[in-house]
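All figures in this text were calculated on a predicted structure; none of them were measured in a lab. Here is the naming used below: chain letters follow the sequence lines, and residue numbers restart at 1 for every chain.
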Number of protein chains: 2
Amino acid sequence: MKIQELADKMGLTIHTIRFYEKEGLLDDRHVRRESNNYRNYSEEAIERLKLIKKFQSIGCSLAELKEVLQDHDANAQTNLQIIDWIRGKKKEIESKKEEYDQMLETLNKMLEYRTLLMDDPQKAQEMLMTSHASSSD
Amino acid sequence: MKIQELADKMGLTIHTIRFYEKEGLLDDRHVRRESNNYRNYSEEAIERLKLIKKFQSIGCSLAELKEVLQDHDANAQTNLQIIDWIRGKKKEIESKKEEYDQMLETLNKMLEYRTLLMDDPQKAQEMLMTSHASSSD
DNA sequence: ATAAACTATAAAGTGAACTCTATGGCAAGC
DNA sequence: GCTTGCCATAGAGTTCACTTTATAGTTTAT
């Protein structure tokens with residue numbers, strides 16, 4: 001598979017894919033070269049890019065990913081470090097989920113205030129006086 | 001309250017606080033000037049910075065925040081837009097939470113694989129053959 | 001009264017993650 | 001065989017959110 005095809009499949013630009021390669025996020029399990037020097041991507045490349053996207057969406061940096069996506073032929077020390085990293089990430093994600101729950105509460109209060117502001121500005125003003133649950137503190 | 005005191009309270013640098021002001025995230029409810037031109041922060045500044053931090057932690061850009069934290073003296077049109085924004089954010093957060101749940105599953109599988117790799121590399125290898133739930137796609 | 005510690009502004013610098021530009025080689029259709 | 005389009009590299013440019021630097025005025029302690 002050539003670069004444009006992969007880019008289309010993944011919703012990325014060819015620039016981004018080459019950029020990831022340059023950053024060491026892809027290796028020869030994912031890209032090889034044809035005789036004309038064109039890049040040729042394997043199916044594993046798709047899985048790798050999906051994994052990158054997934055990790056990115058939870059706030060991992062590319063540098064972090066580079067470490068953790070290393071092949072398992074790395075030494076045991078690295079393996080232990082990766083286990084630590086995974087445990088740390090799990091905790092991060094769990095506390096992030098709690099943060100999100102709080103945020104939903106905040107957004108609900110904001111919505112209540114803004115809706116009231118449309119219907120009855122007088123009452124909205126009163127709401128501001130008694131609590132501080134708006135976007136206008 | 002002077003800028004250093006606020007910075008200490010909020011765990012920010014004075015540079016960051018001035019930067020937020022320049023970006024329009026603070027107004028005269030939060031900062032005024034003393035006769036010597038020093039900034040003087042109100043208690044509302046603390047609440048505002050807390051809100052900024054909260055929104056930032058769920059991935060809002062400062063530009064986005066500037067829009068949504070505007071005072072309620074904006075017109076009704078703006079108010080409607082803000083209500084839309086809040087609704088959109090709620091959906092975003094809810095789907096983000098689902099993503100996080102999936103991610104936790106992925107991490108658990110990675111952890112299982114990496115742990116097995118320490119104890120019994122042979123079996124870990126077999127695991128790779130039957131499923132694709134590792135960092136080594 | 002002088003040093004230190006704090007305040008101010010304006011502007012340049014940084015790092016992450018792209019994104020784009022310039023330049024040129026290959027390939028497929030007419 | 002020429003145009004169009006995809007591929008290559010190298011390097012410059014962009015955006016965001018700070019962060020640092022340079023320069024200078026103000027306040028506080030000794």
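Residue Asn40(B) forms a side-chain hydrogen bond (donor to acceptor under 3.5 Å, both in side chains) with just one option from Glu34(B), Lys2(B), Arg32(B), His30(B), and that option is Glu34(B). Of the candidates Arg48(B), Arg39(B), Lys66(B), Arg39(B) is the only one forming a salt bridge (Lys or Arg N to Asp or Glu O under 4.0 Å) with Glu21(B).
Not counting sequence neighbours, the partners of Arg87(B) by the side-chain contact (heavy atoms from CB on, under 4.5 Å) test are Leu111(A), Ile83(B), Asp84(B).
Among the atoms of the strands shown, none is found under 4.0 Å from any heavy atom of Ile14(A).
Looking at Glu43(B) and Arg29(B), no side-chain N of the basic residue comes within less than 4.0 Å of a carboxylate O on the acidic one, giving no salt bridge. Under the 4.0 Å criterion applied to side-chain N and carboxylate O atoms, Glu94(B) and Lys97(B) are not assigned as salt-bridge partners.
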Show me the protein contacts with nucleotides 25-27 of chain D, counting only N or O atoms at under 3.5 Å.
from, atom 1, to, atom 2, distance (Å)
dG25(D), N2, Tyr38(B), OH, 2.9
dT26(D), O4', Tyr38(B), OH, 3.3
dT27(D), OP1, Asn36(B), ND2, 2.8

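Axis orientation changes by 10° from one end of the helix from dA1(C)-dT30(D) to dC30(C)-dG1(D) to the other, with each end axis drawn from 5 pairs and the value rounded to 10°.
The His15(A) side chain lies nearest to dC20(C) when the options are dC20(C), dA8(C), dT19(D).
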Under 3.5 Å donor-acceptor pairs involving side-chain atoms of residues 11-20 of chain B, not counting sequence neighbours:
from, atom 1, to, atom 2, distance (Å)
Thr13(B), OG1, His15(B), N, 3.3
Thr13(B), OG1, Thr16(B), N, 3.1
Thr13(B), OG1, Thr16(B), OG1, 3.0
Tyr20(B), OH, Gln56(B), OE1, 3.4

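Around the NZ atom of Lys123(B), the shell of radius 6.0 Å holds no more than 12 heavy atoms that belong to other residues, nucleotides or ligands.
Residues of residues 16-25 of chain A having a heavy atom closer than 4.0 Å to DNA chain D, listed by number: Arg18(A). Residues from residues 52-60 of chain B placing a heavy atom under 4.0 Å of any atom in DNA chain C do not occur.
Between Arg39(A) and the phosphate of dC7(D), there is no side-chain N or O to OP1/OP2 separation shorter than 4.0 Å.
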